[in-house]
Visitor: 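Below is a structure I'd like to ask you about.
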There are 2 protein chains.
Amino acid sequence: MKKQLKIKPVADSSTEEKIKNAARIIFHKKGYAATRTRDIAEEAGINLALLNYYFRSKEKLFDIIMLESLHDFRQHIIVALNDEKTSLESKIETLVSNYIDLLINQPDIPLFILSEIRNNPQALISKLNQKEIITKSYFIKQFQQAVQEGKIVHINPLHYIMNLIGMIVFPFVGRPILSYVGQLKQDDFNNLMEQRKILIPKWLKAISKVK
Amino acid sequence: MKKQLKIKPVADSSTEEKIKNAARIIFHKKGYAATRTRDIAEEAGINLALLNYYFRSKEKLFDIIMLESLHDFRQHIIVALNDEKTSLESKIETLVSNYIDLLINQPDIPLFILSEIRNNPQALISKLNQKEIITKSYFIKQFQQAVQEGKIVHINPLHYIMNLIGMIVFPFVGRPILSYVGQLKQDDFNNLMEQRKILIPKWLKAISKVK
DNA sequence: ATATTTTTTAATCATTTGATTAAATTATTT
DNA sequence: AAATAATTTAATCAAATGATTAAAAAATAT
């Protein structure tokens, strides 16, 4: 591996990166069980044995992709929810906007994560780590304060979280049905999602007043 | 098959029913690709060959389960949305309530359908049939009328549908994460869902006023 | 009671699929 | 340039898995 001493190759140029990128695409699209290592090899344009040469096994490769996906998926929440400098409202706005941007680029992440969790709850839930990233976030403090000040109606914050994440994520999870029912093309769908960047924070504000 | 001439056996008593029920459980929980016919046979307490004797192949059995699941999943929408006797508000209320009841009983249906659609969009989307069940429903007529009367703000009805279905379905799809983050037990979760039967219609009303 | 049909089982097959091996090729070092 | 190390390939293995077969058992009909 002396290669690493040289200048770092552009993304996807190294064999290892080619395999990882191919694996990400296939795993995200079909899930672990429906993915054949041969499909990954073909997508990457490499010999099947190379996959095992670099990553030892399908499972090890999968673990790497899953870990990165979980990281992407969480990072947007954690960062946005723990910024102590911003107001509750602006936190929501950036979270919604960043999240939708991520999902426009990698629309298969949520369904990928959710179905793998279904197949293997214990293993993956533990990898989510830090149970408290949400419950102990600065966001929750602000939320509870807003409740005390009467700005937000008294309600289980989990309802609020479900609505927040649900309104962002669900369209991407249900996209095929939605696009079918609404006769949406790629751009139509993305435009709707762009609209939701603005709308969801407003909706959440309205919801938080409902008794 | 002279058996059929006799009294219809109670559910699950016939071998065919035993296999179908086992298949439903395993397919819903693990999806098509991750399901082994041997797992179904074991769950049903029968010999593997019997599965093929009754259903010919894994795929044929799967198709039956999928069709029934799609039917359950759609029926609640179709019926509720096309009742000409009820107001817009009461339609929402019954739809939300019926839907949550269904999902409390069969919580794996949404993720099952959504991930199989991901793996095989064309085949399954076509089975959804009637593109127009929603767009040409009596509900949409009422909705558009309410918009004209200024009772609902002018907005793409798809946003409304996404929020409606999303608020109902997403908690079930994200249940493992949610239960982990919120430290919820089975009953805690169901109680939250019961609350949402009342809350979601109120939230939707509030949302429909937002400019 | 016997014959026939239906249901069930154990054993086996054929294909798919994740993984390995040994050899060939390419790159790097001396 | 020769030697060594890293990368890549074709061929192959072994286990898993969907499916079939032939025979046994149970149910039904004659």
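This structure is a prediction, so every number in the text was calculated from the model and none was measured. Chain letters run A, B, ... following the sequence lines, proteins first and then strands; every chain starts at 1.
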Visitor: Check the distance between D:dT20's P and B:Leu48's CG and give it to me in whole angstrom.
Guide: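 The answer, rounded to whole Å, is 11 Å.
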
Visitor: Atom CZ of A:Arg38 and atom C1' of C:dG18: how far apart are they, to the nearest Å?
Guide: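 Answer to the nearest Å: 7 Å.
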
Visitor: D:dT7, D:dT20, C:dG18: which one has an atom nearest the side-chain heavy atoms of A:Tyr53?
Guide: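 From the listed options, D:dT7 comes nearest.
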
Visitor: For the pair B:Glu68 and B:Arg24, find out whether any cationic side-chain nitrogen is under 4.0 Å from an anionic carboxylate oxygen.
Guide: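 Answer for the salt bridge query: yes.
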
Visitor: Report the distance from atom CZ of A:Phe55 to atom P of C:dT20, rounded to the nearest whole Å.
Guide: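 In whole Å, C:dT20 P lies 15 Å from A:Phe55 CZ.
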
Visitor: So do B:Ile100 and B:Val96 actually touch side chain to side chain, heavy atoms under 4.5 Å?
Guide: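 Result yes, sub-4.5 Å side-chain heavy-atom pair found.
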
Visitor: Under a 3.5 Å distance rule, please check whether B:Lys58 uses its side chain to pair with a backbone N or O of B:Thr35 as donor and acceptor.
Guide: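 Confirmed, B:Lys58 side chain pairs with B:Thr35 backbone.
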
Visitor: Would you say A:Ser57 reaches C:dG18's phosphate, i.e. side-chain N/O to OP1/OP2 under 4.0 Å?
Guide: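 Answer is no, no contact under 4.0 Å.
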
Visitor: Please report, rounded to the nearest Å, how far the C1' atom of D:dG18 is from the CZ atom of B:Phe62.
Guide: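 Answer to the nearest Å: 16 Å.
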
Visitor: For A:Ile40 and C:dA19, what is the distance between atoms CD1 and C1' respectively, to the nearest whole Å?
Guide: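 The answer, rounded to whole Å, is 14 Å.
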
Visitor: Rounded to whole Å, how long is the line connecting atom CG of A:Asp39 with atom C1' of C:dT17?
Guide: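 Distance, rounded to whole Å: 10 Å.
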
Visitor: Given D:dA10, D:dT7, C:dT8, identify the nucleotide with an atom nearest to the side chain of A:Asn47.
Guide: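 Of all the options, the side chain of A:Asn47 is nearest to D:dA10.
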
Visitor: Of A:Ala49 and B:Leu50, whose closest DNA chain C nucleotide lies nearer the 5' terminus?
Guide: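 Its nearest nucleotide lies further toward 5', so the answer is B:Leu50.
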
Visitor: Measure from the side chain of B:Lys58, starting at C-beta and using heavy atoms only, and say which of D:dA19, C:dA19, C:dT8 lies closest.
Guide: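 Comparing D:dA19, C:dA19, C:dT8 against the side chain of B:Lys58, the answer is D:dA19.
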
Visitor: CG of B:Leu61 versus P of D:dT17: gap in Å, rounded?
Guide: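 Atom-to-atom, B:Leu61 to D:dT17, this comes out as 17 Å.
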
Visitor: Counting only side-chain nitrogens and oxygens, does A:Thr15 get under 4.0 Å of the OP1 or OP2 atom of D:dT8?
Guide: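 Yes, A:Thr15 has a side-chain N/O under 4.0 Å of OP1/OP2 on D:dT8.
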
Visitor: Are A:Phe62 and A:Phe55 near enough that their ring centres are under 6.0 Å apart?
Guide: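 They do not qualify: ring centres at least 6.0 Å apart.
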
Visitor: Quick one about A:Asn191 and A:Arg196 (side-chain donor to acceptor, distance below 3.5 Å, no hydrogens or angles considered), yes or no?
Guide: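 There is no such pair (donor and acceptor under 3.5 Å, judged by atom type) between the side chains of A:Arg196 and A:Asn191.
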
Visitor: Taking the side chain of A:Arg36 as heavy atoms from C-beta outward, which of C:dT17, C:dA10, D:dT8 is closest to it?
Guide: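 Nearest to the side-chain atoms of A:Arg36, counting from C-beta on, is C:dT17.
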
Visitor: According to a strict under-4.0 Å criterion, is A:Thr37 in side-chain N/O contact with OP1 or OP2 of C:dG18?
Guide: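 Answer yes for this pair, as a side-chain N or O of A:Thr37 is under 4.0 Å from OP1 or OP2.
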
Visitor: What is the nucleic acid contact for A:Leu51, judged by heavy atoms within less than 4.0 Å: base, sugar-phosphate only, or nothing?
Guide: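 Here A:Leu51 touches no strand at all.
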
Visitor: Whole-Å distance between D:dA22 P and B:Asn52 CG?
Guide: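 After rounding, the gap between these two atoms is 16 Å.
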
